[in-house]
Structures are given as structure tokens and as C-alpha cells.
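Step one of this worksheet: look at the structure below.
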Amino acid sequence: MTSSPVGVAADAASSPLLRNLNPEQLAAVTAAAEPALILAGAGSGKTRVLTTRIAWLLNTGQVSPGGVMAVTFTNKAAKEMQTRLATMLPFNVRGMWIGTFHGLCNRFLRAHWKLAHLPQAFQILDASDTTSAVKRVIKAMKLDEERFVPKQVGWFIAGCKEDGQRPGDVVVHDEQTRKLAEIYANYEDQCQREGVVDFAELMLRSYELLRDNPAVREHYQNRFRHILVDEFQDTNKLQYAWLKMFAPPGSAHGQSLLAVGDDDQSIYAFRGARVGNMIDFEREYRVQRVIKLEQNYRSFGHILDAANELISRNSQRLGKTLRTDAGQGEPIRVQESPSDFAEAQWLIEEIQHLHRGGLDRKEIAILYRSNAQSRVIESALFNSGIPYRVYGGLRFFERAEVKHALAYLRLLENANDDTSFLRVVNFPTRGIGAKTLENLQDAAKATGRSLYQSVSAIAGKGGANLLAFTNLIDSTRNLTQGMTLREIIEQVLQTSGLLDFYRTDKDGAERLENLDELVNAAEAFVMQEGFGKNAVGLPVDETAQPGTPGAVPDAETGEIMSPLVAFLTHASLEAGDNQAQAGQDAVQLMTVHSAKGLEFDAVFITGLEEGLFPHENAMSDPNGLEEERRLMYVAITRARKKLSLSFCQTRMLHGQTRYHIKSRFFDELPEDALKWLTPRNQGFGSGFAREYQNAWDRGSGLKGMVGAGRVEKAAWVEPPVPASMKQKVSEEHGGLRVGKGVFHTKFGEGVLLTLEGAGADARAQVNFGRHGTKWLALSVAKLTPID
DNA sequence: TCATCAATTGGCCAC
DNA sequence: CAATTGATGA
């Protein structure tokens, strides 16, 4: 191949790789080796462009596999890129650094564990591990857990890390932050002592390593000629800073950083994503040309019209309009239902109709803003016998029994991992209670050692059982020397007593299946990663898959970590599929967030009501509202052929009936593209569903079917009415009725949610839609009923 | 005094 | 589902 970066047009005709690309895509694929920003609209063939560019760079000899780094946000995206590349290239793609931010950071830290001041077999805390670790710190500091909610403190710490702040850098402006910084400091000490890192730490630690070690930095800047970043709009401050370490603006090494993103699909501000990174990138790297991919290959015209019109209401966009050659297609259908129950029924009918019409069920997606909304839909689907799959429940590696097993495995590698220690020290129960553990923790704190190390110190009081536990761990560790990963896990399941426990547990059958599945997963992992049979301590071998996240040779010695450590890492970073039930033709249920990146023939967006979508917590500030609008944009653009929007007048939420008005987003869609299935502007809530019940778990009708695929074991039980619901509340006041519409001179139309008190004290709660939900004193506010 | 088990309660936006 | 509470037994 004689091609060069210049003379692209000639290439296009000759190279089969570049055939069938549209001009925009071609420009992106063959962009010069300099900083570039690709604005890739939904369904514009972004992944194809990314992979084709990598293949083109390699085929034209502009870069070698080792000089490519491609970063994504999800494991799924990384995997897809790898598979696609594998079909395009004649050689093994494993050598390239293709992975998620966290996956690549892990690989980096594994290679430089000494420089990073980490133990070689450091373990990774997932979200729930992090919360429980934070909780332990808060407890040890004897702080009030009401005031310092572990989860929130965890967010605070993650936020600090994403801003590159260590405890000393936290700006303290009040007592609360001072304490938070103190918790952060102690948390950090604790993690260091235990040899564990959380997700944010993976990023920050590798960033700091590069920042503080010029030689290492030079090495990598020399190595990676082409860095490609997917979903750039979702990067946070730290991730952008991390990228800059590899390819600083105006770098003497002349690397090319290619950022691909869509500002209109930025929906992760709540976890630190900065859309502003796109503009900063453009400025800091003096990007000469922004390439826009606006040709959409997914959806019909009406759907794109709706998406374009909606998103045009947002300010601060980089600007982009999707277009298609596919024709207008069917109009977008809009359905209004009296209740969420009725909405679910309507969905059933629609799905049955679509399915009879020849559409696969897996091509139908039901989207909602928040997880709580899935319950009603699930029960309706279940009662109708329609197979379905819920995304985003507990994933495989997050299941309690699997985490227990993993905790034992972690202790084999690193007995100082207190999180794992506490998880299983008394599970199955072996006579070690709260008091004993408290003593142990005191002893550990006094000497600054791990719980495991402190066991001998309190051997006197109740320590016999503890000693038995550490002996169990030690002997299992000895026993498993030289075993294969599969054998190790089977041994651990046996000697830990987990198998026996679940065998006697009355509903342990399913958990046993999952433990079995864990063994399978390990087996599959070993096959995939190409580990040999001899388990621990493989010999030095640079060729043995340095490309996979699991198998990273030490930067100095080249030693490859043991399959067990690799597998534990895999478990932390991948969290597993949600027991895919792959192959089954089932309707897909998920939140709008988890739908990002997916596409379906038919999409239902449900619960389009003020307060729900847009969510009430986001309505008050303009940025929040714009993010909700982007979320709606993402939802709309998931649909290929058929899109339906739906909203209800009443909905059970958090145990009470709420009255809603339709989402403002309906006013922001082109009327021409919509087809209303129900008459417009009919009266407000009919009260249809008032007596209808609490969607919460307690005594609910969905026993055992929370989470996907458990359909066959679920049983529908008519839910009892809780005492709190039986209380009669006043529903009428001077012509006003709960559930009916009201008019306020300042706030306009709303729906009356609640009436309370009497006389001068009478007050009303009204949902005014875009003005939010307000409490009003009836003696002051002028409310008039509307029909 | 401590551990265990069953019953009860709180949860309340997205990853 | 996890965390908490209260009764029961060692």
C-alpha cells in the first residue's frame, strides 16, 4: 500500500476499507495526524468511523498496533471496537490499548505498581464496596451517619478525586467540609493500608504517576502516536487531564488526539461529566476543523424531525442537525392514559400488536426515566405472559453470593483487605458477632494493622472463632497452591462453607446456580485470556497477551499477574452482564440512561410527565432542564421505525397517587410529526387509579421477580392496602377537587395534588408543571377550578 | 454477655 | 434488599 495522509480522494476509490463512506465520514477517517474533533450525531456511524480510522492508520503504515490507544466508557463499546477491528485487520488486535478509561488505568497501574505505591495484587472496590469502606471510616471516627451519609460521602470523595484533589487540597469553608476532608483522609489511609483502590482512584493514581514521573510520561508520549476517545462529551475533568498527559497540546512528539463526541447526548453531568471539555479541547488543541457527522442511518424522518426540533431549544450547543435519506416514515404516536396501570395495559396491547405484525420482541424497547417506573410495566407484561428483560438490575458480579465467594478469593491474595474480611468473616455464621468484631477493629486501629493481622492480638477474648477463620483462609491458601483457577474457586466454595450453607438454605437453589455460574465465568475467562494451565506465577512472557486488561506484565520484570488476580480484576471492572438470557426474544425494559448507544425498531418512551420527565429535581435550574432535554433527545433517537410517547394523569409513586400533567417536551416537538391516539386536552385526572396500590416491595405483587429473567418463579398476589392509604383525606374544598385542574393567576394551570387542614389553615399542594410543585395557603392564593 | 434468627422498616433519579 | 430491632438460647 502506497497511500499517504495526503491524496485522500485517490485512496477512497482504491481502498475497499474506505468504500461506502459518506464524505463526512471519509474526512473523519482520513483526518490528518493532528488534533481533531468529530461531532458525531446519533446513528451517524460513529463506531464505524472510529474502527475504520484505526484500520486505515494501520494499513497505511502511519502507526503500528502498539502506537494506538482507543478509549471508551463502557466495556461493551470497547469490546465491540475490538471485534470489529479483528474482522478488518489481518493480525491480532490484542496488542493495542483499546479499553475503558478504568480498564486502561488498571492496566497501567498493574504495570507500574511499584511507582504507584500499590501492592502488586491490589484489588478494586466497586461502588458498593466503596460505600461500605466509607461507612467503616465514619463509624471508626464515631461520626453521625445521619449527618454523614456513607453514600453521599462516597460521592464527595469521588468528586474530589475527579477534580484531582487529595484531602489536603480540599478547600474547607465550613465545619461540614472540614469533617468531610477528614473522612476522605482517613478513607485514603484505610484503602492504602488494605491495598485496595476505588474507581476514581484508578484514574487519579495513574494521572499522578504520569504527572510526577517525567521518564514514564516521555515513554508513553513516544509510544502512543494516535489516541482516539469515544463519547468525549462524557469525560470528566480528571479524564481529560489524564488524556493530556499522553498527548499534551502542542506536544513535541506530534501525537494525534482524536475526540469523538456529541454534546447533545451528554447525560452524565450528575457524575461529573463536563460537556465543556469539548470546547476546551477545541481551544487548547487549536483544532482547525470540526467534522460533523449529521447523516443518520438509523431512523426515519419524523423521528429525526422530532429530535432536531426538541434539541434546538437548548442553548450552548455546538450545533448539528440530523438528516436522513430514508423518508418520513410513520408519525410518532402519542398516548394519554388515566393511570400508570392503564398505560401498562396499553403497552401490552401495542406490543402484542407489533409482535403479531412480525416484529421480534427484542426489537421493542420500553424506556422510562427512573427505575421505579418499571414495576407496573413488569407486572403487566408478566400477567400477559410476554417475555421481557429488565436492564440495570443487579449484575452478575454484584449478587450477594457471588460477592461472598469473591471476597474469600480476594482474601487468599490479600488477607489485609478488610472489606472482604468483614464481608465473610461470619458468613456463613461461625460464632463471630458484632462485639467480637468491634474488639478486633479496636485492636486493629490501635496498631494500625489490618483486621487479619490483629486476630492474634485478641486471641484471649472470643478470639478462638476468629483464629479458626484465619486458619481457614491460610489453609485454603496453602491448599490451592498450584491449582487452576477453576479448582481454586471450587475449593474455596467448598471450604468456606458457602456451598453447604446454600444447599441447606430453603431458597438457596438459585444462589447455588450462580456460584456454579461463577465457576463457568472463571473457566471462560481463562480460555479467553489464554492463560496456561499452571496457575499462579506464570513465567515472564511479553507475548502472552499484554493486550488484555487482565494480563499485564510488570513494567520492570515483565512478570504476569496470576490468573486469580486477573480474574478478580475482571470481576471488579466488568461487573458482568446482567445474566443476559441471551438469545431469548424478550421485550427490553430500561432507563433512558442505559438505552444510550442502543437502537430498536420500536421504542416506547413512557411516563412523559412533568416532574418525572423532566424530573422534578432538574426542573429548577436551566442546566438541569437542558440535561433532561438531552436525555429526551437520546430517548427519541433510539428508534429506527416506530416511536411512541406516552404519559398518564395519575401514577403511584413512593406509595401514593400523584397527579401529573403532560411533559413540556410535547410542546417542543413538531406537531406535524405527532399523531395523538387519544383526544387532546381532556379533563385532568379521573381518579381512576386512586384506590390502586403501592408499588413498593413490601407485601407486593411482584414477589421474587425484581430483576430480570426471574419471570418463571414470580407469583402475582393481590396487594393489600396499607393502613396509611386507608386514611381518609379531604378531597374537596370550595369547588376544588384533588386530581382536578386548577388555575392560579401567577403560576397558570396545574393539578391539585393534596388538600389539607381547614379554615384559615387550609392549604393545597399543586403541581404547576414547569413552575414545579407548590404548597399554597388557600386563604391567600386564588385558585379557581378548571374542568 | 454474646450470637443468632425472625420480623420489621426504610428506601424515593439517572451510572 | 440491607440494616435494625427484639426475643431466645448458649
Side-chain angles (χ1 to χ4, degrees), chain A residues 73-77 100-102 126-128 130-132 135 139 145-146 149-151 154-155 158 162 199-200 231 234 236 265-273 367-375 391-395 398-401 403 423 425-439 461-466 501 505-507 511 573 575 578 590-597 607 609 611-620 624 627-628 630-632 634-635 651-656 658 694-700 702-707 710 722-724:
Chain A
F73 269 85
T74 64
N75 290 300
K76 201 179 159 208
T100 62
F101 276 102
H102 292 116
D126 68 16
S128 65
T130 305
T131 307
S132 65
K135 193 171 186 174
K139 275 215 171 104
E145 280 190 43
E146 304 265 295
V149 183
K151 216 188 244 175
W155 290 338
E162 278 157 17
F199 285 145
E231 308 277 18
D234 287 337
N236 62 35
Q265 291 191 70
S266 162
I267 55 172
Y268 287 113
F270 70 91
R271 61 171 195 203
L367 309 185
Y368 35 80
R369 174 68 235 267
S370 58
N371 273 313
Q373 288 166 249
S374 76
R375 299 270 167 88
Y391 276 67
L394 267 195
R395 287 190 289 238
E398 292 165 353
R399 298 182 152 273
E401 61 277 19
K403 290 207 78 167
R423 174 177 280 276
V425 66
N426 198 35
F427 190 93
T429 52
R430 37 177 83 88
I432 301 165
K435 196 69 206 172
T436 309
L437 287 176
E438 205 176 296
N439 290 337
K461 31 191 173 178
N465 291 336
L466 275 173
F501 177 85
D505 194 59
K506 61 173 160 35
D507 20 61
R511 298 184 183 266
L573 288 175
N578 317 331
M590 68 193 81
T591 63
V592 180
H593 279 93
S594 42
K596 187 168 168 212
E609 295 137 40
L612 212 68
F613 199 0
H615 196 273
E616 52 195 347
N617 297 0
M619 293 193 313
S620 46
E627 175 134 332
E628 294 292 306
R630 290 192 291 268
L631 203 46
M632 182 64 185
V634 168
R651 178 177 292 279
M652 283 303 302
L653 221 53
H654 310 144
Q656 51 178 211
R658 301 215 320 193
N694 191 336
W696 260 160
D697 267 354
R698 185 183 317 136
S700 92
L702 288 171
K703 280 206 173 86
M705 67 178 293
V706 183
R710 311 248 322 94
S724 62

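Because the structure is a prediction, the values reported are computed rather than measured. The chains referred to below are lettered A, B, ... by the order of the sequence lines, with proteins before strands, and numbering in each begins at 1.
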To the nearest Å, how far apart are [X] [atom1] and [N] [atom2]?
X	N	atom1	atom2	value
A:K151	C:dA2	NZ	C1'	11 Å
A:Y368	B:dC15	OH	P	9 Å
A:R430	B:dA3	CZ	P	14 Å
A:I432	B:dC5	CD1	P	14 Å
A:D234	B:dA14	CG	C1'	12 Å
A:M632	B:dA14	CE	C1'	16 Å
A:L367	B:dC15	CG	P	12 Å
A:I267	B:dA14	CD1	P	13 Å

* **Minimal non-hydrogen separation, A:A400 against A:R511, with atom names** =>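 Residues A:A400 and A:R511, closest heavy atoms: CB-NH1, 3.9 Å.
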
* Structure fact -> Smallest heavy-atom separation, A:G431 atom then A:N426 atom, equals N-OD1, 3.5 Å

* Would A:R369 and A:E628 satisfy salt bridge (Lys or Arg N to Asp or Glu O under 4.0 Å), going step by step from the backbone distance to the final call? -> CA-CA 10 Å; A:R369 174 68 235 267; A:E628 294 292 306; 2.6 Å; yes

* Checking salt bridge (Lys or Arg N to Asp or Glu O under 4.0 Å) for the pair A:E231/A:K596: CA distance, chi angles, key distance, verdict? -> CA-CA 11 Å; A:E231 308 277 18; A:K596 187 168 168 212; 3.5 Å; yes

* Options B:dC5, B:dA3, B:dA14, nucleotide nearest the side-chain atoms of A:T436 ->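 Selected nucleotide (nearest to the side chain): B:dA3.
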
* Asked: Of the nucleotides B:dA3, C:dC1, B:dC13, which has the atom closest to the A:R511 side chain?
  -> C:dC1

* Going by 5.5 Å between centroids and 30° between planes, is there a stack of A:F270 over B:dA14? -> yes

* Phosphate oxygens OP1/OP2 of B:dC13: is one of them under 4.0 Å from a side-chain N or O of A:T591? ->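 For B:dC13, neither OP1 nor OP2 has a side-chain N or O of A:T591 closer than 4.0 Å.
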
* Asked: So which one's nearest nucleotide on DNA chain B is more toward 5', A:H615 or A:G433?
  -> A:G433

* Mapping A:N426 and A:N371 to their closest nucleotides on DNA chain B, which lands nearer the 5' end? ->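 Its nucleotide being nearer the 5' end, the pick is A:N426.
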
* Check every strand shown and say whether A:K135 touches a base, only sugar-phosphate, or nothing at a heavy-atom separation below 4.0 Å. =>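 Sugar-phosphate only.
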
* Report the relative orientation of the aromatic rings in A:H593 and A:F270; use parallel for angles under 30°, tilted for 30 to 60°, perpendicular for over 60°. =>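 Perpendicular.
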
